[in-house]
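See below for the structure under consideration.
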Amino acid sequence: MAPKNDGSAKKVMNKGAWTAEEDSKLSQYIEVHGAKRWKTIAAKSGLNRCGKSCRLRWLNYLRPNIKRGNISDEEEDLILRLHKLLGNRWSLIAGRLPGRTDNEIKNYWNSHLSKKIDQKGKTQEVSTAQETTSQLKTRAPAPMEEEGAKIVGSSEPTFDVNEFFDFSTELEWVNKFFELDENP
DNA sequence: AACGAAGTCAACCGCTAATTT
DNA sequence: GAAATTAGCGGTTGACTTCGT
């Protein structure tokens, strides 16, 4: 496609950390026009940012009811359970944690929980080293195993999620989870 | 106190899915 | 139905902070 005018005048977008002024501009624009058509928002709000960047900033920091930091034990437990079910489906997991964002959960997982599980896996690896593989095979398969296990398996340390959670007691909880999805 | 290593987290990138024209 | 545009996702990066020596 030929440039409409001098191509050398291509605008260079801002990158990196957002300033308070930029936040304010974005918030004000969205308050008036709503959070849709991010390219337009980026162009008309007076921000020298791309639409993607605006969307991310809004979703992760500026939108109302965002919780930041201090992930509670309950939330942590929920993240662990959901991750076991869904793998790295951060947006789905975030959807079950009001006020939390996919990015925050992803970061929390990568910096806190993955290590926790890694440690747990290692200690259990030692204690269950004698357990025969045949015992493991007789366990009930995890729901979502087909999809979830693939995803988890690609990035997880090598430990058996069946060891980490007792799926027999999880089934009820899992069913509730999917009921929620069907009836929003 | 100074320095390097490790940890944390905000933001970007590349890609796919969904929607619009 | 095809092409273009937009939205959304997950992985990765890099700047900053904290910790250990």
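The sequence lines fix the lettering, A, B, ..., with proteins before strands; numbering per chain opens at 1.
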query: Between A/I71 and A/Y108, which heavy-atom pair has the shortest distance, and what is it?
result: CD1-CG, 3.5 Å
Does [Y] offer a backbone N or O that forms a donor-acceptor pair with the side chain of [X] under 3.5 Å?
{"X": "A/S45", "Y": "A/I41", "answer": "yes"}
{"X": "A/S27", "Y": "A/D23", "answer": "yes"}
{"X": "A/H33", "Y": "A/Y29", "answer": "yes"}

[X] has an atom [atom1]; how far is it from atom [atom2] of [N], in whole Å?
{"X": "A/L59", "N": "C/dG10", "atom1": "CG", "atom2": "P", "answer": "13 Å"}
{"X": "A/W58", "N": "C/dA7", "atom1": "CH2", "atom2": "C1'", "answer": "16 Å"}
{"X": "A/R63", "N": "C/dA7", "atom1": "CZ", "atom2": "P", "answer": "16 Å"}

statement: The correct set of residues in residues 26-38 of chain A placing a heavy atom under 4.0 Å from DNA chain C is A/K36, A/R37, A/W38
- prompt: How does each nucleotide of nucleotides 4-14 of chain B score, in 5' to 3' order, for protein heavy atoms under 4.0 Å: base (B), sugar-phosphate only (S), or none (-)?
  reply: ---SSBBBBSB
Salt-bridge criterion met for A/K106 and A/D102 (N-O under 4.0 Å): no
query: Any ion pair linking A/E75 and A/K67 (charged N to carboxylate O, less than 4.0 Å)?
result: yes
- prompt: Counting only side-chain N and O atoms of A/W90, is one of them less than 4.0 Å from OP1 or OP2 of C/dG11?
  reply: yes
- prompt: OP1 or OP2 of C/dC9 less than 4.0 angstrom from a side-chain nitrogen or oxygen of A/R89, does that happen here?
  reply: no
message: Once you measure the plane-to-plane angle for A/W109 and A/W90, does it fall in the parallel (<30°), tilted (30-60°) or perpendicular (>60°) bin?
response: tilted
- request: Evaluate the criterion side-chain hydrogen bond (donor to acceptor under 3.5 Å, both in side chains) for residue pair A/Q28 and A/S24; output intermediate values, then yes/no.
  value: CA-CA 6 Å; A/Q28 281 173 17; A/S24 170; 3.3 Å; yes
